[in-house]
2 protein chains.
Amino acid sequence: MISKACKYAIRATIFVASKKEEGIKLNIKDIAREVDAPEAFTAKILQVLNKTRIITSLKGPYGGFYIEDYQLQQPVINIVNALDGMSVFQECGLGLRQCSATHPCPMHDQYKIARDALQDAFQNTTIGQLAEQVNEGGSYINNLGY
Amino acid sequence: MISKACKYAIRATIFVASKKEEGIKLNIKDIAREVDAPEAFTAKILQVLNKTRIITSLKGPYGGFYIEDYQLQQPVINIVNALDGMSVFQECGLGLRQCSATHPCPMHDQYKIARDALQDAFQNTTIGQLAEQVNEGGSYINNLGY
DNA sequence: TCTATAAAAGATAAATTTATCTTTTATAGA
DNA sequence: TCTATAAAAGATAAATTTATCTTTTATAGA
Ligand code: FES
Ligand code: FES
């Protein structure tokens with residue numbers, strides 16, 4: 001569906017967002033531990049998130065990752081786009097070179113419904129909303145408690 | 001979403017199904033050419049499809065691949081299951097070890113809607129229905145005509 | 001039985017994704 | 001300025017998926 005890197009990215013972003021109120025910066029190690037992702041891979045992913053302005057980073061002592069107000073308002077689809085691109089929301093479900101209503105594959109109608117539902121899910125949810133949910137304790141971004 | 005192998009598999013199965021009325025057996029080369037997939041890779045995929053009884057094969061002269069009546073009634077999800085397994089319909093959208101309503105990720109509700117829509121699409125469509133659509137000329141299983 | 005044909009099986013190889021490790025750059029505070 | 005710290009950048013490596021090539025097996029018809 002979406003890549004592993006992208007899933008780590010979303011969880012990491014939610015974690016950083018969920019700590020905004022505390023006004024602290026988070027380092028790679030803490031983020032990787034919290035979201036249960038490999039540390040070095042997480043570092044690479046955080047680079048992308050910073051470069052695409054999903055979150056913000058500062059080097060050096062007292063540095064780390066944090067999120068700014070405008071970034072909380074971004075839809076989660078921006079993270080998907082940063083890591084995987086938008087192709088999952090546009091591709092033909094049966095692998096034709098392009099999805100098109102005028103040259104459709106035989107599953108086009110049914111597949112498009114699901115694909116659009118997926119896009120809506122990521123488009124209509126903001127990073128801030130997800131962080132709030134986590135802070136309220138109703139949902140989780142790691143596998144602890146199993 | 002689903003693997004490339006699985007997309008080739010679905011297109012190949014639809015092609016074989018669409019030729020059922022002609023009562024002929026199709027060989028690997030013809031199938032690969034029609035669905036615009038690499039020939040050797042298609043051969044591997046057809047092996048799986050035969051082994052999982054999605055289609056039927058016969059070795060030797062006058063051999064090849066064909067589909068039987070009961071196989072036309074199978075839902076497309078059986079092909080997905082044969083190639084990729086069912087995990088795409090069960091996995092957490094944010095990569096938690098397991099999707100669960102009692103230990104949900106913050107996107108669980110929205111994601112589940114899309115994931116279930118995808119499952120419905122593959123579950124409620126049979127191979128025969130797709131083949132019929134192609135035979136009626138309303139949809140396509142290759143990239144010709146671009 | 002022999003021959004030709006076509007899929008099955010098995011061994012590799014190429015490409016992509018996931019993951020790790022080392023070196024460089026930026027920056028705060030002493 | 002110097003030192004320590006933390007991310008960025010770059011070079012590899014491991015794992016998985018996609019793809020190819022060779023050998024074996026099954027089978028129809030001569
Ligand atoms: S053409 Fe296949 S999903 Fe649109
Ligand atoms: S827990 Fe993440 S989708 Fe269900």
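Naming convention: chains lettered A, B, ... in sequence-line order (proteins, then strands); numbering from 1 in each chain.
- Residue pairs satisfying the side-chain hydrogen bond (donor to acceptor under 3.5 Å, both in side chains) criterion with at least one member in residues 69-79 of chain A, sequence neighbours excluded, are listed as follows: A:Thr56-A:Gln71, A:Gln74-A:Asn78.
- The residue among A:Cys6 and A:Gly60 whose nearest nucleotide of DNA chain C lies closer to the 5′ end is A:Cys6.
- One distance of note links CD1 of A:Ile28 with OG1 of A:Thr42; it measures 8.5 Å at 0.5 Å rounding.
- Note that the CD1 atom of A:Ile55 and the CD1 atom of A:Ile127 stand 9.0 Å from one another [nearest 0.5 Å].
- With sequence neighbours excluded, no residue satisfies salt bridge (charged side-chain N to carboxylate O under 4.0 Å, His left out) with B:Asp84.
- Rounding to the nearest 0.5 angstrom, the gap separating the CZ atom in B:Phe89 from the CG atom in B:Asn81 is 8.5 Å.
- Qualifying salt bridge (charged side-chain N to carboxylate O under 4.0 Å, His left out) partners for B:Arg53, counting only residues two or more places apart in sequence or in other chains: none.
- Taking the side chain as every heavy atom from C-beta outward, A:Leu130 and A:Ile141 never approach each other to under 4.5 Å.
- Each of B:Leu58 and B:Asp84 was assigned the nucleotide of DNA chain D with the nearest heavy atom; the assignment lying further toward the 5' end belongs to B:Asp84.
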Under 3.5 Å donor-acceptor pairs involving side-chain atoms of residues 15-23 of chain A, not counting sequence neighbours:
| from | atom 1 | to | atom 2 | distance (Å) |
| --- | --- | --- | --- | --- |
| A:Ser18 | OG | A:Phe15 | O | 2.7 |
| A:Lys19 | NZ | A:Glu22 | OE2 | 3.4 |
| A:Lys20 | NZ | A:Ile67 | O | 3.2 |

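- Residues in residues 119-131 of chain A take part in these side-chain hydrogen bond (donor to acceptor under 3.5 Å, both in side chains) pairs, two or more places apart or across chains: A:Thr125-B:Gln110.
- Legend: salt bridge (charged side-chain N to carboxylate O under 4.0 Å, His left out) pairs involving residues 101-115 of chain A, not counting sequence neighbours, sorted by first then second residue: A:Lys112-A:Asp116.
- For A:Gln133, the side chain to side chain donor-acceptor pair (under 3.5 Å) criterion is met by A:Ser139, not counting sequence neighbours.
- Near DNA chain C, meaning a heavy atom under 4.0 Å from it, residues 38-49 of chain B has B:Lys44, B:Gln47 in order of number.
- In this structure the side chain of B:Arg97 reaches within 4.5 angstrom of the side chain of A:Asp36, judged on heavy atoms.
- Sorted by residue number, the members of residues 12-36 of chain A with any non-hydrogen atom under 4.0 Å from DNA chain D read A:Leu26, A:Asn27, A:Ile28.
- Counting only residues at least two apart or in different chains, side-chain hydrogen bond (donor to acceptor under 3.5 Å, both in side chains) contacts with residues 23-32 of chain A comprise A:Asp30-A:Arg33.
- DNA chain C forms stems at C:1-30 with D:1-30, each a run of 3 or more consecutive Watson-Crick or G-U wobble pairs whose two key distances fall under 3.5 Å.
- Interface limits on DNA chain C: the 5'-most and 3'-most nucleotides within less than 4.0 Å of chain B heavy atoms are C:dA4 to C:dA11.
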